[in-house]
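To find a chain, count down the sequence lines: A is the first, B the second, and so on, and within it residues start at 1. These values consider heavy atoms only, across backbone and side chains, with no hydrogens, waters or symmetry-generated copies.
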Number of protein chains: 2
Amino acid sequence: MNSKYITLYNKIIEKIEQGSYPPSSKLPSENELMEKYKFSRDTVRKALNMLEHNGYINKVKGKGSFVLDINRHKFPVSGLISFKEMAESMEGESKTLVKNLELTKGDKFLRNKLVLEDDEKLWKVVRVREIGGKKIILDKDHFNSTYIPELTEEICRDSIYDYIEKELGLKIGFAKKEITVRSSSEEDIEHLDLEGYDMIVVVDTMVYLQDGTLFQYTESRHRPDKFKFVDFARRAY
Amino acid sequence: MNSKYITLYNKIIEKIEQGSYPPSSKLPSENELMEKYKFSRDTVRKALNMLEHNGYINKVKGKGSFVLDINRHKFPVSGLISFKEMAESMEGESKTLVKNLELTKGDKFLRNKLVLEDDEKLWKVVRVREIGGKKIILDKDHFNSTYIPELTEEICRDSIYDYIEKELGLKIGFAKKEITVRSSSEEDIEHLDLEGYDMIVVVDTMVYLQDGTLFQYTESRHRPDKFKFVDFARRAY
DNA sequence: AAGTGGTCTAGACCACGCG
DNA sequence: GCGTGGTCTAGACCACTTG
């Protein structure tokens with residue numbers, strides 16, 4: 001189903017994770033990979049460039065491509081981190097509690113954020129994320145209902161993203177995140193096990209579909225001691 | 001000096017910022033750009049792909065490339081943000097105070113972080129960043145002295161990066177950042193105007209040269225109310 | 001000199017959106 | 001059907017590292 005270069009990209013990641021290409025080791029050269037897989041050089045280069053931008057390898061002119069070992073972050077690099085992915089990398093059982101689910105007009109702020117027309121509504125979902133018996137994340141999601149006509153408590157308890165991508169067939173394009181720190185609100189105190197912390201890490205996320213339309217705005221509120229964000233970046237030209 | 005596609009990339013950014021290509025408008029098609037600049041399609045596509053990955057445009061198959069307007073973040077997208085760049089986007093005068101500058105062996109933790117050989121030393125720089133008369137950031141930089149033989153207080157007050165790149169000719173390759181939130185330390189309280197805040201946002205950064213060698217480890221401590229991190233990410237394949 | 005990755009080209013075919 | 005971007009190919013030349 002996928003293109004050749006994505007197949008090769010995934011194949012090399014697999015080899016890196018299995019240890020066939022250990023950290024600091026040199027990958028086969030572009031010529032060797034062309035030979036091995038019978039791909040053109042451009043196809044091989046596309047795969048290697050993706051690996052480089054995603055922090056798996058480092059390419060050095062005249063020398064070769066080398067496996068990086070900083071990829072210990074289980075998180076996708078600068079990616080869209082879902083609660084499920086995050087829970088897997090942390091200790092203890094995880095659970096999602098749906099506190100609120102409604103189709104509403106929303107207030108001015110939200111309607112403005114989601115760029116809604118007068119006749120459009122939005123889904124408002126409030127969920128508490130629990131890991132190891134502690135309620136540590138409060139997620140307030142808002143979806144443009146034009147793209148998501150139906151939403152149930154069960155879907156919200158499971159994974160909204162699975163539903164959106166697999167059931168509805170919507171394709172995520174890109175996302176913009178803003179991370180700030182604020183004083184905890186009444187709502188935070190009510191829903192979370194703050195254990196004395198009076199500040200909260202707020203991650204505002206705007207998610208866009210592949211055609212560039214905004215369809216989700218989420219405010220994710222994290223207990224500060226359980227928050228961690230990892231970012232890998234290559235130098236902009 | 002630069003390659004064709006980087007020239008084109010910069011030219012288009014300029015047009016976007018000038019307003020010649022306003023938000024939501026369609027860029028000339030790949031064919032038109034080929035025609036206009038007499039470049040091959042591949043060269044044009046390289047420039048457009050960079051624009052896409054850096055959050056300037058969105059490409060839609062069958063339709064065209066469209067200018068995004070979420071580029072209001074003055075920060076380079078997921079880039080290496082220097083204090084200078086940050087200060088420019090904030091209100092008030094900015095100043096850098098050098099609190100400490102020494103060539104030292106360092107402790108186990110630091111030597112381990114920087115992967116130092118027994119005979120290598122490191123530069124330790126402690127600086128306080130002041131914006132609008134308030135001391136809000138405490139930067140603790142550590143450089144492998146093999147790559148940076150000399151460092152003066154003046155350089156530290158100005159921009160260490162300018163010195164590293166322009167004077168020494170070292171080329172930055174990539175960086176990994178980790179953002180966490182912790183209780184403020186004695187050192188934070190001593191150096192910063194915390195105004196009652198008892199927590200601090202810690203940004204740990206590892207900076208690597210283009211050949212993959214680690215040469216800098218920095219712990220940057222921010223007053224929580226003055227901290228903001230913006231991240232733009234396209235969906236990983 | 002040989003091998004490596006970086007840039008550039010010209011051409012082909014495909015999948016998608018739209019009228 | 002036409003124009004759009006996405007994939008793939010083959011070949012050329014360059015810049016850099018290493019022996």
A.B. asks: On the nucleotide C:dG5, are OP1 or OP2 found under 4.0 Å from the side-chain N or O atoms that A:Lys63 carries?
C.D. replies: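 For A:Lys63, the contact criterion (side-chain N or O under 4.0 Å from OP1 or OP2 of C:dG5) is not met.
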A.B. asks: Measuring from the side chain of B:Lys46 (C-beta onward, heavy atoms only), which nucleotide among D:dT4, D:dG6, C:dT7 has the closest atom?
C.D. replies: C:dT7
A.B. asks: Where the side chain of B:Asn31 is defined as all heavy atoms beyond and including C-beta, which of C:dT4, D:dG5, D:dT4 is the nearest nucleotide?
C.D. replies: D:dT4
A.B. asks: Tell me the interatomic distance from B:Tyr9, atom OH, to C:dT7, atom C1', rounded to whole angstroms.
C.D. replies: 18 Å
A.B. asks: In whole angstroms, how far is the P atom of C:dG3 from the CD atom of A:Glu35?
C.D. replies: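 That distance rounds to 14 Å.
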A.B. asks: Find the distance B:Leu27:CG to D:dG5:C1' and express it as a whole number of Å.
C.D. replies: 13 Å
A.B. asks: Nearest-Å distance, CG (B:Leu48) to P (D:dT4)?
C.D. replies: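 So the two atoms are 13 Å apart, to the nearest Å.
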A.B. asks: Rounding to a whole Å, what distance do you find between A:Glu30:CD and D:dT9:P?
C.D. replies: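 Taking CD of A:Glu30 and P of D:dT9, I get 14 Å after rounding.
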A.B. asks: Pick the closest DNA chain D nucleotide for B:Lys61 and for A:Thr43 by heavy atoms, then say which residue is nearer the 5' end.
C.D. replies: B:Lys61
A.B. asks: Is a side-chain donor or acceptor of A:Asn54 paired with a backbone partner of A:Tyr56 at a separation under 3.5 angstrom?
C.D. replies: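 No, A:Asn54 side chain to A:Tyr56 backbone: no donor-acceptor pair under 3.5 Å.
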A.B. asks: Provide the closest heavy-atom pair for B:Leu68 versus B:Gly55 in the form atom of the first, atom of the second, distance.
C.D. replies: CD1-O, 3.7 Å
A.B. asks: Choosing from D:dG5, D:dT7, D:dT17, which nucleotide comes nearest the side chain of B:Lys59?
C.D. replies: D:dG5
A.B. asks: Kindly point out which of C:dA15, C:dG5, C:dT7 is positioned nearest to the side chain of B:Tyr5?
C.D. replies: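 The listed nucleotide nearest to B:Tyr5's side chain is C:dT7.
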A.B. asks: Okay, side chain of B:Arg111, backbone of B:Glu120: is any donor-acceptor separation there less than 3.5 Å?
C.D. replies: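 Side chain of B:Arg111 to backbone of B:Glu120: a pair is present.
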A.B. asks: Between the main-chain N or O of B:Lys121 and the side-chain N or O of B:Ser145, is there a donor-acceptor pair closer than 3.5 Å?
C.D. replies: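 It does hold such a pair.
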A.B. asks: May I ask you to verify if any side-chain N or O of B:Ser40 is less than 4.0 angstrom from the OP1 or OP2 atom of C:dC8?
C.D. replies: no
A.B. asks: Nearest whole angstrom, please: distance from the C1' of C:dG5 to the CD of B:Gln210.
C.D. replies: 12 Å
A.B. asks: Between B:Gly62 and A:Asn49, just flag the one whose closest nucleotide in DNA chain C comes earlier from the 5' side.
C.D. replies: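 Looking at DNA chain C, the more 5' nearest nucleotide goes with A:Asn49.
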A.B. asks: For the side chain of A:Asp42, counting heavy atoms from C-beta on, which of D:dT4, C:dA10, D:dC8 is nearest?
C.D. replies: D:dC8
A.B. asks: Please figure out whether A:Glu32 or B:Arg41 has its closest DNA chain C nucleotide nearer the 5' end.
C.D. replies: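 Nearest-nucleotide comparison on DNA chain C picks A:Glu32.
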A.B. asks: Do the side-chain N and O atoms of B:Asp211 and B:Thr213 include a donor-acceptor pair separated by under 3.5 angstrom?
C.D. replies: yes
A.B. asks: Are A:Leu168 and A:Tyr147 packed together at the side-chain level, in the sense that at least one heavy-atom pair is separated by less than 4.5 angstrom?
C.D. replies: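 No; the side chains remain at least 4.5 Å from each other.
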A.B. asks: To the nearest Å, give me how far apart CZ (B:Arg45) and C1' (C:dA12) are.
C.D. replies: 14 Å
A.B. asks: B:Phe66 has an atom CZ; how far is it from atom C1' of D:dG5, in whole Å?
C.D. replies: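 Taking CZ of B:Phe66 and C1' of D:dG5, I get 11 Å after rounding.
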A.B. asks: Quick one: which of D:dT9, C:dT9, D:dG5 gets closest to the side chain of B:Phe39?
C.D. replies: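 Of D:dT9, C:dT9, D:dG5, C:dT9 is nearest to the side chain of B:Phe39.
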A.B. asks: Check every atom of D:dT18, D:dT9, C:dG6 against the side chain of A:Lys4 and return the nucleotide holding the closest atom.
C.D. replies: D:dT9
A.B. asks: From C:dT7, D:dT4, D:dT7, pick the nucleotide closest to the side chain of B:Ser3?
C.D. replies: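 For the B:Ser3 side chain, the nearest candidate turns out to be C:dT7.
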